[in-house]
Amino acid sequence: MQINPAGEVLRRFPDLDILVNNAGIQRYIDLKKGYDELRSGEDEIAINFVSVVALTALFIDSLLKRPSAAVINVGSGLGFIPMLDTPVYSATKAAIHTYTLVLRQQLKDTGVRVIEIIPPMVDTGLNKAGRDAANLRFRGVSLSGYIPTVIRSLENDEETILHGDGVKMLSDPRGESEIRLLQSSW
């Protein structure tokens, strides 16, 4: 019999009823450079996607026993419309979106809500070195300007939480958005 590594967390916090999966690193990767480029930094696939699936699996039994619980997965607008410089990050966030849709459907007749937060570019430490090297003029919306939107959306029981340009980007016809965002000048 294998021991669930979440056991210690659940022992210390027996009333745990919300799991927030907010894993993410982002690297600028030039796919023309091959395997060495891909492996030159942290494993984005393991951190951004595999950890979310694994953590959810570790805690799902406990969450299903609660009368009301939630799994909150943090994705990205880049999971819908990828950015040229962040191919692996964009792909992992697309995987998070798909996983969230399926998880929500599989848990629809339970007490576990599945929520997806799809932030725009937010001015955080995510890929700070890449952003610094690219000398970006726009670093994203401020965290203090973004968090109230998320809180309001959670209070309104929204299943998918978007903000600002993300709402417009995801409402654009996909072809137009892909053409605009895959340009390296973005």
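FYI, side chains are in, hydrogens and waters are out, and symmetry mates aren't considered; it's all heavy atoms of this structure. Being a predicted model, the structure only gives us computed values, none of them experimental. Note that the numbering runs from 1 along the sequence shown for the chain.
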Novice: Where is the tightest heavy-atom contact between Val52 and Ala23, given as atom of each residue plus distance?
Specialist: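 Looking at all heavy atoms of both residues, the shortest contact is CG2-CB, 4.4 Å.
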Novice: Could you tell me whether Glu155 and Arg152 make a salt bridge, using a distance below 4.0 angstrom between a side-chain N and a carboxylate O?
Specialist: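 No.
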Novice: What's the shortest heavy-atom distance between Pro119 and Gly75, and which atoms?
Specialist: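 Here Pro119 and Gly75 meet closest at CD-O, 3.3 Å.
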Novice: Please find the pair of heavy atoms, one from Arg104 and one from Val114, that lie closest to each other, and give the distance.
Specialist: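 Closest pair (atom of Arg104, atom of Val114, distance): NE-O, 2.9 Å.
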Novice: Would you name the heavy atoms of Val112 and Leu63 that are closest together and state the gap between them?
Specialist: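 It is CG2-O, 3.6 Å.
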Novice: Would you call Lys93 and Leu78 a side-chain contact if the rule is heavy atoms closer than 4.5 Å?
Specialist: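 The answer is no, as the side chains (C-beta and beyond) never meet within the 4.5 Å cut-off.
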Novice: Would you say Ile72 ends up clustered with Ile151 if hydrophobic residues are merged whenever their side chains have heavy atoms under 4.5 Å apart, either directly or through other cluster members?
Specialist: yes
Novice: With a 4.5 Å cut-off on side-chain heavy-atom distances among I, L, V, M, F, W and Y, is there a chain of contacts connecting Leu31 to Met83?
Specialist: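 No, Leu31 does not connect to Met83 through the hydrophobic network.
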Novice: If a pair satisfies side-chain hydrogen bond (donor to acceptor under 3.5 Å, both in side chains) and one of its residues is in residues 63-77, list it, with sequence neighbours excluded.
Specialist: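 Sorted result for residues 63-77: Asn21-Asn73, Asn73-Thr100.
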Novice: Check side-chain hydrogen bond (donor to acceptor under 3.5 Å, both in side chains) between Arg12 and all other residues, then give those that pass, not counting sequence neighbours.
Specialist: none
Novice: First locate atom CG of Leu10, then atom CG of Leu58, and finally report the distance between them rounded to the nearest 0.5 Å.
Specialist: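 It comes to 9.5 Å.
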Novice: Do Val88 and Val50 belong to the same hydrophobic cluster, where Ile, Leu, Val, Met, Phe, Trp and Tyr are linked whenever their side-chain heavy atoms lie under 4.5 Å apart, directly or via other members?
Specialist: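 In one cluster: yes.
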Novice: Distance from Leu16 atom CG to Phe59 atom CZ, nearest 0.5 Å?
Specialist: 6.5 Å
Novice: Please check this pair: side chain of Asn156 against backbone of Glu158, looking for a donor-acceptor N/O pair closer than 3.5 Å.
Specialist: no
Novice: Please, which pairs that meet side-chain hydrogen bond (donor to acceptor under 3.5 Å, both in side chains) have at least one residue in residues 105-116, sequence neighbours excluded?
Specialist: His97-Glu116
Novice: Find the distance between CZ (Phe49) and OG1 (Thr92) and round it off to the nearest 0.5 Å.
Specialist: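 It is 9.0 Å, given to the nearest 0.5 Å.
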Novice: Please round to the nearest 0.5 Å and tell me the distance separating atom OG1 of Thr149 and atom CG of Leu154.
Specialist: 11.0 Å
Novice: Any heavy-atom pair between the side chains of Ile96 and Val74 that's under 4.5 Å?
Specialist: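 Counting from C-beta outward, Val74 and Ile96 never come under 4.5 Å.
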Novice: Does Ile29 belong to the same Ile/Leu/Val/Met/Phe/Trp/Tyr cluster as Tyr89, with side-chain heavy atoms less than 4.5 Å apart forming each link?
Specialist: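 No, separate clusters.
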Novice: If you count every heavy atom of other residues, nucleotides or ligands that lies below 6.0 Å from Glu37 atom CD, does the total exceed 12?
Specialist: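 It does: Glu37 CD has more than 12 such atoms within range.
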Novice: Please determine whether residues Leu19 and Ile117 belong to a single hydrophobic cluster, defined as Ile, Leu, Val, Met, Phe, Trp and Tyr linked transitively by side-chain heavy-atom distances below 4.5 Å.
Specialist: no
Novice: Determine whether a donor-acceptor pair (N or O, by modelled atom type, separation under 3.5 Å) exists between the side chain of Ser51 and the backbone of Asn48.
Specialist: no
Novice: So how far is it from Ile115 CD1 to Ile18 CD1, rounded to the nearest 0.5 Å?
Specialist: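 That separation rounds to 7.5 Å.
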Novice: Measure the CG-CG distance between Leu84 and Asp30 for me, rounded to the nearest 0.5 Å.
Specialist: 9.0 Å
Novice: For Gly79 and Ala94, work out which heavy atoms get closest and say how close.
Specialist: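 Looking at all heavy atoms of both residues, the closest pair is O-CB, 3.1 Å.
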Novice: Indicate the atoms forming the closest heavy-atom contact of Arg27 with Glu44, along with that distance.
Specialist: N-OE2, 3.1 Å
